[in-house]
Amino acid sequence: MVETKICGIGTLDDAIVAAQNGADHIGLVFVEKSSRNINPLNANYICTRVDHFFKDVKKVGVFVNKDVREVMEIAEYLKLDVLQLHDV
């Protein structure tokens, strides 16, 4: 089975378009140096609405070189379904 993730979600509209067009996962980038970076407060706004309207869409947190405690705090706060970790 193939699943699709749309990464770099930055607004609720982005998330809605992705979900309405068949995305299985939406990616939220927590990388300060990225142009797609989102802060946890804005991500929470998106996540709570996605959870309410698109129950089957999984939320993925994308992290690069983050402290494990910080990753877990964000993951728990947002109720993320998947963590995508990078070490560069």
*Answer yes or no: does atom NZ of Lys55 have more than 12 heavy-atom neighbours from other residues, nucleotides or ligands under 6.0 Å?*
yes

*For Pro40 and Tyr77, which heavy atoms make the closest approach, and how far apart are they?*
O-CE2, 3.5 Å

*asked:* Could you walk me through whether Glu3 and Lys58 satisfy the side chain to side chain contact (heavy atoms under 4.5 Å, CB included) test, starting with their C-alpha distance in whole Å, then the side-chain angles of each, then the deciding distance to 0.1 Å, before giving a yes or no?
replied: CA-CA 11 Å; Glu3 294 188 4; Lys58 303 287 188 233; 5.9 Å; no

*So which heavy atom on Cys47 is nearest to which on Leu78, and how close?*
CB-O, 4.1 Å

*To the nearest 0.5 Å, how far apart are CG in Asp13 and CD1 in Ile46?*
9.5 Å

*Any side-chain heavy atom of Asp87 within less than 4.5 Å of one from Asn65?*
yes

*Would a distance-only check, ignoring hydrogens and angles, find a side-chain to backbone donor-acceptor pair under 3.5 Å from Lys59 to Lys79?*
yes

*asked:* So, taking the atom named CG in Asn37 and the one named CG in Asn39, what distance separates them when rounded to the nearest 0.5 Å?
replied: 7.5 Å

_side-chain hydrogen bond (donor to acceptor under 3.5 Å, both in side chains) between Asp14 and Thr11, intermediate numbers included_ = CA-CA 5 Å; Asp14 292 344; Thr11 67; 3.2 Å; yes

*asked:* With rounding to the nearest 0.5 angstrom, report the CD to CZ distance, Glu70 to Phe30.
replied: 10.0 Å

*Are Leu12 and Val57 grouped together when hydrophobic residues (ILVMFWY) are joined by side-chain heavy atoms under 4.5 angstrom apart?*
yes

*Answer yes or no: does atom CG of Asp56 have more than 12 heavy-atom neighbours from other residues, nucleotides or ligands under 6.0 Å?*
no

_Test: Lys66 and Glu73 ion pair at under 4.0 Å_ = no

*Passing option when Leu28 is tested against Val50, Val60, Val62, Leu80 for side-chain contact (heavy atoms from CB on, under 4.5 Å)*: Leu80

_Give me the atom names and distance for the closest heavy-atom approach of Leu83 to Ala75._
CD2-CB, 3.7 Å

*Test Gln20 against Phe54 for side chain to side chain contact (heavy atoms under 4.5 Å, CB included), laying out the working first.*
CA-CA 9 Å; Gln20 288 177 334; Phe54 302 100; 4.1 Å; yes

*Taking a hydrophobic cluster as the set of Ile, Leu, Val, Met, Phe, Trp and Tyr residues connected by side-chain heavy atoms closer than 4.5 Å, whether directly or through intermediates, do Val17 and Phe53 fall within one such cluster?*
no

*asked:* Could you measure the distance from the NZ atom of Lys5 to the CG atom of Asp24? Nearest 0.5 Å is fine.
replied: 12.0 Å

_Ile38 reachable from Ile16 in the ILVMFWY side-chain graph, under 4.5 Å edges_ = yes

_Quick check: is Leu85 connected to Val29 through a chain of hydrophobic side chains (ILVMFWY, heavy atoms under 4.5 Å apart)?_
no

*Roughly how far apart are Cys7 SG and His25 NE2, rounded to 0.5 Å?*
11.5 Å

*Co-membership, hydrophobic cluster, residues Leu41 and Ile9, 4.5 Å side-chain*: yes

